[in-house]
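Notes follow the structure.
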Amino acid sequence: MAYTEKLKDELMDQLFNAILQLRTVDECYRFFEDLCTVAELKALAQRLEVARMLQENKTYGEIAERTGASTATISRVKRCLNYGADGYKLVLARLK
């Protein structure tokens, strides 16, 4: 099932279009602080770091120690890297 079939609707389009309007890191902080809880934001940031470390072939132990992520979270991110919509790969390549 493609990501569009699972996620795409008018509200998701509105959210993603809103995110695309942000121009600076400061604007991102302001918007996401209003939109998400601190725990949600930290979880998102943690998953991105887990994905980066997995791409660098770090071990689960190294990743867990650095990020505090559970093995379940690491496994989920790894599954997304291997079988997902390639969103992590796209963003990580652009961040290099």
Side-chain angles (χ1 to χ4, degrees):
M1 181 178 279
Y3 70 91
T4 54
E5 295 171 24
K6 294 186 283 186
L7 294 175
K8 188 164 179 51
D9 66 23
E10 187 177 324
L11 292 178
M12 292 299 286
D13 284 351
Q14 178 179 273
L15 171 63
F16 294 142
N17 281 317
I19 292 168
L20 289 171
Q21 301 309 305
L22 301 171
R23 295 190 176 122
T24 66
V25 171
D26 182 62
E27 287 182 358
C28 289
Y29 272 101
R30 291 168 56 196
F31 179 69
F32 282 98
E33 185 175 335
D34 286 349
L35 183 66
C36 301
T37 66
V38 171
E40 289 167 336
L41 287 171
K42 290 200 178 273
L44 293 172
Q46 180 189 66
R47 289 179 198 151
L48 183 59
E49 178 62 4
V50 167
R52 186 190 68 73
M53 293 181 76
L54 284 168
Q55 279 197 327
E56 292 180 349
N57 296 313
K58 302 293 185 189
T59 67
Y60 275 38
E62 291 171 314
I63 296 167
E65 184 178 326
R66 160 100 169 91
T67 66
S70 68
T71 55
T73 295
I74 298 168
S75 294
R76 182 185 180 283
V77 172
K78 185 173 185 174
R79 188 171 47 255
C80 289
L81 278 170
N82 292 331
Y83 306 109
D86 291 334
Y88 281 123
K89 291 176 185 175
L90 173 73
V91 167
L92 291 169
R94 288 184 181 172
L95 286 172
K96 284 186 176 179

Under 3.5 Å: donor-acceptor pair, side chain of [X], backbone of [Y]:
{"X": "Thr73", "Y": "Ala69", "result": "no"}
{"X": "Asp86", "Y": "Lys89", "result": "no"}
{"X": "Lys8", "Y": "Asp13", "result": "no"}
{"X": "Glu62", "Y": "Lys58", "result": "no"}
{"X": "Glu27", "Y": "Leu22", "result": "no"}

Does one hydrophobic cluster hold both [X] and [Y], with members joined at side-chain heavy-atom distances below 4.5 Å?
{"X": "Ile74", "Y": "Leu44", "answer": "no"}
{"X": "Tyr88", "Y": "Leu7", "answer": "no"}
{"X": "Tyr83", "Y": "Val91", "answer": "no"}
{"X": "Leu95", "Y": "Met53", "answer": "yes"}

>> Which heavy atom of Cys36 sits nearest to which heavy atom of Leu41, and what is that distance?
In response: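 That would be CB-CG, 3.7 Å.
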>> Any non-hydrogen side-chain atom of Gln21 less than 4.5 Å from a side-chain atom of Phe31?
In response: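 Side-chain contact under 4.5 Å: no.
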> Can you find a heavy atom in the side chain of Ile19 that is under 4.5 Å from one in the side chain of Phe32?
Replying inline: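 Yes; the side chains approach each other to less than 4.5 Å.
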>> With a 4.0 Å cut-off on N to O distance, would you call Glu49 and Arg52 a salt bridge?
In response: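 Yes.
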When rounded to the nearest 0.5 angstrom, what distance separates [atom1] in [X] from [atom2] in [Y]?
{"X": "Ile63", "Y": "Ser70", "atom1": "CD1", "atom2": "OG", "result": "11.5 Å"}
{"X": "Arg76", "Y": "Leu81", "atom1": "CZ", "atom2": "CG", "result": "11.0 Å"}
{"X": "Arg23", "Y": "Cys28", "atom1": "CZ", "atom2": "SG", "result": "12.0 Å"}

>> Would you say CD of Glu10 has more than 12 non-hydrogen atoms from neighbouring residues, nucleotides or ligands within 6.0 angstrom?
In response: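 Result for CD/Glu10: open.
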> Does CD in Glu40 sit with more than 12 non-hydrogen atoms of other residues, nucleotides or ligands closer than 6.0 Å?
Replying inline: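 Yes - once you tally the heavy atoms of other residues, nucleotides and ligands closer than 6.0 Å, there are more than 12.
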> Can you list the steps and then say if Leu92 with Leu48 is a side-chain contact (heavy atoms from CB on, under 4.5 Å)?
Replying inline: CA-CA 8 Å; Leu92 291 169; Leu48 183 59; 3.8 Å; yes
